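What follows is a short report on a single structure.
Residues: numbered from 1 along the sequence shown. Note that the structure is a prediction, hence the values are computed from the model and not measured.
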Amino acid sequence: MKLKPWIEAMRLRTLPVSIAGVLAGCAIAIAYDNFNWKPASICLVFALAAQIVSNFANEYFDYKNHIDHKGRQGFRRGVTEGDIKPESMKRAMISLMAVDCLLGLSLIRWGGFWLILIGIAIVIAAFAYSAGPWPLSHHGLGDEAVIIFYGIVPVTLTAYLQCGDWTGGSMAAVLGEMWKMALIVSVGVGLLGANVLIVNNIRDVRDDSRVNKRTKAVIFGAKAMKYTYIAFAYIGIALIWYGMKDALNDWGWAGYVAVGIWFIPIIVALFKFSGARLNKVLRYTAILLLATIVWSLIDVVTNFDAIHNHLAAI
């Protein structure tokens, strides 16, 4: 078995989106003095596996539904190009999802049995994005799915599973209740994650319109989605900063300004290029999301003592 087609099918360039969501939850847990590496590590592996399953499902079902074709503008599709047998992809997709579900069950120890409902929703979303009688990605709802399942769900749940509740304990006196920070940050992460999909759909707008795959780029046009990308980028950065600001150093804002500046050449490239040349824009969009969260994580860690001193002074 050749590994390269499978590695391409995993779409490693987009995986920073899943990593960012979990790390954001960890940054929040650290701010509230509740970091726990065990559930955090499980959340990270679970999120990565779930995204890979979704990518496998997207490739398999788009092939089955004749959405993809050889020589497409995007990253190489192994099933469509004949590098991977459809049945092999189907088995890999189902097997990985089964393993991921078992891994997710281990989180019940920290979160309770209600997490099973969240797990079921994640499984449904992973397949509903490309499969079923009404695939979300074919009806302009892919962006909303990303905001929810790559932003709100991983950020809030990763923080909750470490904190043990939605308040944040004693640190709530300094930072406010944990759920407020987690929700604001999670929407910001979701918007930046949705930008990865927006670039993907702008790149594929001609191919998608040809097969009646009605992404938002097809419905509203590529130009409108380019301006949406700008809005999502800067609103996303602002929300992450605003949600985290009470846990950051006084100079913490500088990192978010730097990310905003780094977005400028990416936006220029988005407006300038088309087709396969947008693959680099997609990659750097995911990297800048991860960079934003890594900055938040570093800033919270370096400001940890100041947060505790503030609590002691109350």
Is the count of non-hydrogen atoms from other residues, nucleotides or ligands lying under 6.0 Å from Asn309 atom CG greater than 12?
yes
Would you indicate whether the side-chain heavy atoms of Met93 and Phe127 approach each other to under 4.5 Å?
yes
Should Leu183 and Tyr242 be regarded as members of a common hydrophobic cluster, given that ILVMFWY residues are connected when their side-chain heavy atoms come within less than 4.5 Å of each other, either directly or indirectly?
yes
Residues, nucleotides or ligands: over 12 heavy atoms within 6.0 Å of Phe271 CZ:
yes
Quick check: is Leu289 connected to Ile235 through a chain of hydrophobic side chains (ILVMFWY, heavy atoms under 4.5 Å apart)?
yes
Among Asp62, Asp207, Asp204, exactly one meets salt bridge (charged side-chain N to carboxylate O under 4.0 Å, His left out) together with Lys213. Which residue is that?
Asp62
Give a yes-or-no answer on whether the side chains of Asn249 and Thr302 include a donor-acceptor pair shorter than 3.5 Å.
yes
With a 6.0 Å cut-off (strictly less than), is the heavy-atom count around CH2 of Trp179, excluding the residue itself, greater than 12?
no
Other residues, nucleotides and ligands only: do more than 12 of their heavy atoms fall within 6.0 Å of CZ on Phe232?
yes
Between Phe56 and Ser95, is there a side-chain heavy-atom distance shorter than 4.5 Å?
no
If the plane angle is over 60° it's perpendicular, under 30° parallel, otherwise tilted; pick one for Trp114 and Trp166.
tilted
Do you know which of Glu59, Glu81, Arg13 makes side-chain contact (heavy atoms from CB on, under 4.5 Å) with Glu8?
Arg13
Flag yes if more than 12 heavy atoms outside Trp134 fall under 6.0 Å of its CH2 atom; otherwise flag no.
yes
Answer with yes or no whether the hydrophobic clustering places Ile118 together with Leu105; edges join I, L, V, M, F, W, Y residues whose side-chain heavy atoms lie under 4.5 Å apart.
no
Looking only at side chains, do Arg11 and Asn58 share a donor and an acceptor under 3.5 Å apart?
yes
Distance under 6.0 Å and angle within 45° of ring axis: Lys226 vs Tyr229:
no
Any chance NZ of Lys245 has more than 12 other-residue heavy atoms, nucleotides or ligands included, within less than 6.0 Å?
yes
State plainly whether one hydrophobic cluster holds both Leu136 and Tyr60, where clusters connect Ile, Leu, Val, Met, Phe, Trp and Tyr through side-chain heavy atoms under 4.5 angstrom apart.
no
Have Thr167 and Glu177 got a donor and an acceptor in their side chains that come within less than 3.5 Å?
no
Is there a path of hydrophobic side-chain contacts, each under 4.5 Å between heavy atoms of I/L/V/M/F/W/Y residues, joining Val99 to Met97?
no
